[in-house]
Number of protein chains: 2
Amino acid sequence: MFDPVCPSGLSPIRVGDKWAGMIIRCLEQGPRRFSELRVPLRGITAKVLTQSLRGLERSGLVVRTVHAGPPRQVEYGLTPLGRSLLEPMAALCAWTEEHWDELLDAREAETAI
Amino acid sequence: MFDPVCPSGLSPIRVGDKWAGMIIRCLEQGPRRFSELRVPLRGITAKVLTQSLRGLERSGLVVRTVHAGPPRQVEYGLTPLGRSLLEPMAALCAWTEEHWDELLDAREAETAI
DNA sequence: CTGAATCCTGCAAGATACTG
DNA sequence: CAGTATCTTGCAGGATTCAG
């Protein structure tokens with residue numbers, strides 16, 4: 001999942017910052033803890049994950065809930081607004097999948113020049 | 001159209017670089033010339049417009065055709081692939097419009113803190 | 001008219017180290 | 001465990017100027 005080798009950068013569409021889209025998809029199945037999010041998002045640093053999550057919070061797409069510790073536990077989950085974003089995002093993923101080879105072709109034709 | 005005062009930056013979704021989405025919408029009705037594109041995209045510099053167009057070309061979303069001059073004329077138009085992108089983009093615009101106030105609310109609640 | 005060339009700036013993103 | 005603090009770097013984006 002989210003293999004760094006995967007050239008998803010080919011897709012011309014992005015949600016929020018570099019990681020926001022993946023984060024949202026990670027939360028699709030339900031709330032996740034901070035360190036649970038770090039697993040599928042290979043290579044993300046704590047700082048960047050925090051930044052991205054704060055941004056999503058600011059946009060009202062994600063909620064942050066703290067369960068008292070220790071050990072401290074913080075869960076991130078989608079708001080209804082964030083959840084509503086899943087539908088158009090799915091449409092985008094469908095488009096990208098559908099035209100994946102065309103995008104690749106365009107890129108290859110380019111590098112051939 | 002594309003008033004710089006309009007805070008479209010609120011939408012968490014973007015197509016390509018900063019201007020790509022707008023360029024595609026400008027081409028929706030048919031091919032446009034370079035300087036025709038500069039009009040609705042207030043404030044874009046020639047360099048940035050060129051960059052963005054080249055990027056769209058590289059992705060196979062836009063075609064560039066030169067009509068001999070002088071005066072030289074260059075037209076940009078959507079490819080079938082670029083045109084196919086209009087549909088999911090419309091879905092995104094619909095989502096953004098629909099949740100515009102929620103996005104604004106989230107932002108205001110934030111600045112209130 | 002349609003760019004290319006050059007320079008500049010700000011911010012996103014990452015590396016690293018530290019904290020309650 | 002869940003961050004913050006600090007520093008560095010790369011690149012997108014813009015201003016300005018020049019060219020075919």
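Here is how names work: the chains are called A, B, and so on, in the same order as the sequence lines, proteins then strands, and each is numbered from 1. Only this structure's heavy atoms are used, side chains among them; waters, hydrogens and symmetry mates stay out.
- Under the rule for a side chain to side chain donor-acceptor pair (under 3.5 Å), the partners of Ser52(B) that lie at least two apart in sequence or sit in another chain are Asp17(B).
- For residues 74-95 of chain B, the pairs satisfying ring pair (Phe, Tyr, Trp, His ring centres under 6.0 Å) are Trp95(B)-His99(B), with sequence neighbours left out.
- Under the side chain to side chain contact (heavy atoms under 4.5 Å, CB included) criterion, Ala94(A) pairs with no residue at all, not counting sequence neighbours.
- Using a 4.0 Å heavy-atom cutoff across all strands shown, Arg54(A) reaches sugar-phosphate atoms only and no base atom.
- OP1 or OP2 of dG3(C) has at least one side-chain nitrogen or oxygen of Arg64(B) nearer than 4.0 Å.
- The separation between Met22(B) atom CE and dG13(D) atom C1' is 12 Å, rounded to whole Å.
- With distances taken from any side-chain atom of Gln73(A) to the nucleotides dA2(D), dG3(C), dG3(D), the minimum falls on dA2(D).
- Fit an axis to the five pairs at each end of the helix from dC1(C)-dG20(D) to dG20(C)-dC1(D) and the two axes sit 50° apart, to the nearest 10 degrees.
- Put simply, CZ on Arg38(A) is 10 Å from P on dA2(D), counting in whole angstrom units.
- Partners of Thr79(B) by side chain to side chain donor-acceptor pair (under 3.5 Å), not counting sequence neighbours: none found.
- Every residue meeting the side chain to side chain contact (heavy atoms under 4.5 Å, CB included) condition with Arg33(B), not counting sequence neighbours, appears here in chain and number order: Ser35(B), Glu36(B), Gln73(B), Glu75(B).
- Listed by chain and number, the residues in a salt bridge (charged side-chain N to carboxylate O under 4.0 Å, His left out) with Arg54(A) are Glu57(A) (sequence neighbours excluded).
- In this entry the distance linking CG of Leu49(A) with P of dG3(D) reads 8 Å, nearest Å.
- Contact between the side-chain N/O atoms of Arg33(B) and the OP1/OP2 oxygens of dT2(C) is found at a separation under 4.0 Å.
- From Arg64(B), atom CZ reaches atom CG of Leu56(B) across 13.5 Å, with rounding to the nearest 0.5 Å.
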* What string of B, S and - do you get for nucleotides 5-20 of chain C 5' to 3' if you count protein non-hydrogen atoms under 4.0 Å? -> BBB-----BBB-----
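- Looking at residues two or more places apart in sequence or on another chain, you find a side chain to side chain contact (heavy atoms under 4.5 Å, CB included) between Glu28(A) and Arg25(A), Leu86(A).
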